[in-house]
Amino acid sequence: MAVAETPYYEKTDDQKAITEMVRQFVDEQIIPKAEHYDGADEFPAPIVEQMKELGLFGVTIPEEYGGMGLDLTTYAMIVEELSRGWISISGVVNTHFIGSYLLMKFGTDEQKERLLPRMATGEIRAAFSLSEPELGSDVQAIKTSAKKVDDGAYEINGQKMWVTNGLQSGVVFVLVKTDPKADPAYKGMTCFICEKEPGASENTGAHAGLNVPPKIKKMGYKGVESTELVFDGYKCPASMILGGEDAGLGKGFVQMMDALEVGRVNVAARGVGIAQRALELGLKYAQERKTFGKPIAQHQAIQFKLADMATKVEAARLLTLKAARLKDAGERSDLEAGMAKLFASETGKEVVEDSFRIHGGYGYSKEYEIERLYRDAPLLLIGEGTSEIQRMVIGKKLLQRHKI
Ligand SMILES: Cc1cc2nc3c(=O)[nH]c(=O)nc-3n(C[C@H](O)[C@H](O)[C@H](O)COP(=O)(O)OP(=O)(O)OC[C@H]3O[C@@H](n4cnc5c(N)ncnc54)[C@H](O)[C@@H]3O)c2cc1C
């Protein structure tokens with residue numbers, strides 16, 4: 001069936017089976033335990049172990065490397081389910097997914113064979129790192145640099161910021177400057193595949209020169225760590241330039257921007273998931289809580305709120321699936337991924353806030369799940385490009401497609 005004829009909402013039998021399996025896992029293992037891990041800001045290790053057993057670290061990795069070989073659409077459906085439970089859990093998988101994508105699309109055979117089988121099982125997890133203390137949106141302003149040294153390796157120096165899974169990952173895809181004189185700057189940027197010791201704050205031996213300061217304390221999105229990475233003379237072999245030295249040197253920016261496009265579909269799916277959960281909580285509470293002699297769900301103002309929430313969730317889901325399906329079909333999806341990310345992340349925040357309002361004073365209490373969602377949702381407005389950056393992407397692509 002051509003993409004245009006595909007009902008965006010419809011799931012294949014395989015997609016139904018896997019999303020139902022993930023939903024059951026979320027209902028039984030994540031939602032009841034999220035409060036504990038969120039409160040303690042503790043890495044949910046037992047949940048992550050079960051995710052490895054379910055194969056969730058290899059969803060998009062080809063079967064020949066031990067993964068499930070599923071498409072972006074199915075991945076987005078899974079991410080929605082995981083995020084419905086707790087967006088920190090999807091955070092454990094998401095940077096890993098971006099790393100796998102970069103390897104699958106640009107990696108050399110040797111790089112794929114070295115890493116993908118262990119990534120598919122979750123034995124090692126991936127992080128990706130663009131941001132620095134002085135920049136996030138303006139990626140071309142990256143200062144961390146790599147210089148070729150006598151033994152043919154590249155020495156990396158500089159500081160990275162906000163690296164999700166920065167401590168526990170075994171491999172980080174890092175964008176750095178290799179030609180400071182390049183004009184435009186993006187042509188002098190390269191992506192290095194930096195291996196490290198998972199869990200080590202100070203790396204030694206072959207990975208010496210890469211240190212991980214204590215995790216950043218955050219408003220929400222707890223449990224999964226966000227850290228700085230300090231590169232101080234870290235040596236990366238030339239063979240670990242993404243795509244190899246000949247093909248990959250100076251191509252890092254383009255590779256990362258490509259990966260951010262699928263990353264945006266991924267964040268959009270997270271927005272749908274958190275909004276869906278907020279809607280469910282709002283629907284339930286509105287039928288339980290009584291004021292003026294009837295359940296608040298019987299007041300039209302509350303019904304209207306629920307109606308708007310449900311409509312936005314549905315629209316966000318459709319935009320997300322459309323972007324994913326276009327990408328899977330090999331069609332252009334840059335504009336659509338930007339729209340999905342913008343709309344679904346804003347929807348996440350708005351629907352969570354509406355549900356919070358429906359909960360009245362109890363929404364402010366840690367006894368109620370919506371309190372956690374209220375702290376978690378704003379992250380989605382920031383990661384993989386803020387809403388302002390999405391609007392810039394959408395505007396630029398619109399003008400390209402409709403040039404007169
Ligand atoms: C919890 C968390 C996890 C993260 N994980 C990762 C990760 O794993 N890897 C990684 O590399 N990064 C990660 N990030 C960083 C994230 O990608 C950046 O925070 C984001 O890109 C925004 O960059 P910034 O914070 O530097 O904001 P800035 O770029 O400084 O922007 C500040 C404000 O100005 C606006 N703005 C900027 N430029 C323009 C413009 N041209 N026009 C209009 N408005 C503009 C922005 O929208 C924003 O509102 C993470 C961030 C958080 C909070």
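The chain is numbered in sequence order, starting from 1. Numbering of ligands and ligand atoms starts at 1, following listing order.
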For this session: Evaluate the side-chain proximity of Val22 to Leu56: yes if any heavy-atom separation is below 4.5 Å, no if none is.
Result: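 Touching, per the 4.5 Å side-chain cut-off.
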Exercise. Which atom names give the shortest non-hydrogen contact between Lys160 and Glu132, and what distance separates them?
Worked result: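 Looking at all heavy atoms of both residues, the shortest contact is NZ-OE2, 3.0 Å.
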Exercise. If you look at every heavy atom in Thr320 and Ala269, which pair is closest and at what distance?
Worked result: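 For Thr320 versus Ala269, the nearest heavy atoms are CG2-N, 3.7 Å.
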Reported [atom1]-to-[atom2] distance for the pair [X] and [Y], which is rounded to 0.5 angstrom:
X	Y	atom1	atom2	value
Glu81	Met21	CD	CE	11.0 Å
Ser345	Glu384	OG	CD	10.5 Å
Lys322	Leu326	NZ	CG	6.0 Å

Problem set entry | Salt bridge flag under 4.0 Å for residues Arg401 and Glu336 |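 Counted as a salt bridge, because a side-chain N and a carboxylate O are separated by less than 4.0 Å.
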How far is [atom] from the closest protein heavy atom, and which atom is that?
atom	result
atom 9 (N) of ligand 1	Phe128 O, 3.0 Å
atom 43 (C) of ligand 1	Glu388 CB, 4.0 Å
atom 15 (C) of ligand 1	Ser131 OG, 3.2 Å
atom 3 (C) of ligand 1	Thr164 OG1, 3.4 Å
atom 39 (C) of ligand 1	Ile389 CD1, 4.3 Å
atom 46 (C) of ligand 1	Thr386 OG1, 3.6 Å
atom 19 (O) of ligand 1	Ile382 CG2, 3.4 Å

Side chains of [X] and [Y] only: does a donor on one sit below 3.5 Å from an acceptor on the other?
X	Y	answer
Thr74	Asp71	yes
Glu346	Ser387	yes
Glu20	Gln24	no

Would you mind finding which of [options] brings a heavy atom closest to [atom]?
atom	options	result
atom 21 (O) of ligand 1	Gly91, Gly136, Gly220, Pro133	Gly136
atom 4 (C) of ligand 1	Trp162, Phe173, Tyr221	Trp162
atom 11 (O) of ligand 1	Ile216, Leu130, Leu229	Leu130

Can a protein heavy atom be found under 4.0 Å away from [atom]?
atom	value
atom 26 (O) of ligand 1	yes
atom 31 (O) of ligand 1	yes
atom 35 (C) of ligand 1	no

Is there a nitrogen or oxygen of [X] sitting under 3.5 Å from a nitrogen or oxygen of ligand 1?
X	answer
Thr95	no
Lys218	no
Ser137	yes
Ser129	no
Met161	no

Problem set entry | Partner residues of Phe253 under the ring-ring contact (aromatic ring centres under 6.0 Å, His included) criterion, sequence neighbours left out |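 With neighbours one apart ignored, the set is Tyr186.
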Problem set entry | Contacting atoms of ligand 1, where contact means under 4.0 angstrom from a heavy atom of Leu379 |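 Contacts of ligand 1 toward Leu379, numbered from 1: 1 (C), 2 (C), 52 (C), 53 (C).
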Exercise. In ligand 1, which numbered atoms sit nearer than 4.0 Å to a non-hydrogen atom of Met392?
Worked result: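 Within the 4.0 Å cut-off of Met392, ligand 1 contributes 40 (C), 41 (N), 42 (N).
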Problem set entry | Any pair counted as salt bridge (charged side-chain N to carboxylate O under 4.0 Å, His left out), so long as it reaches residues 46-57, sequence neighbours left out |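 As it turns out, the salt bridge (charged side-chain N to carboxylate O under 4.0 Å, His left out) pairs with a partner in residues 46-57, which skip direct neighbours, are Glu49-Lys52.
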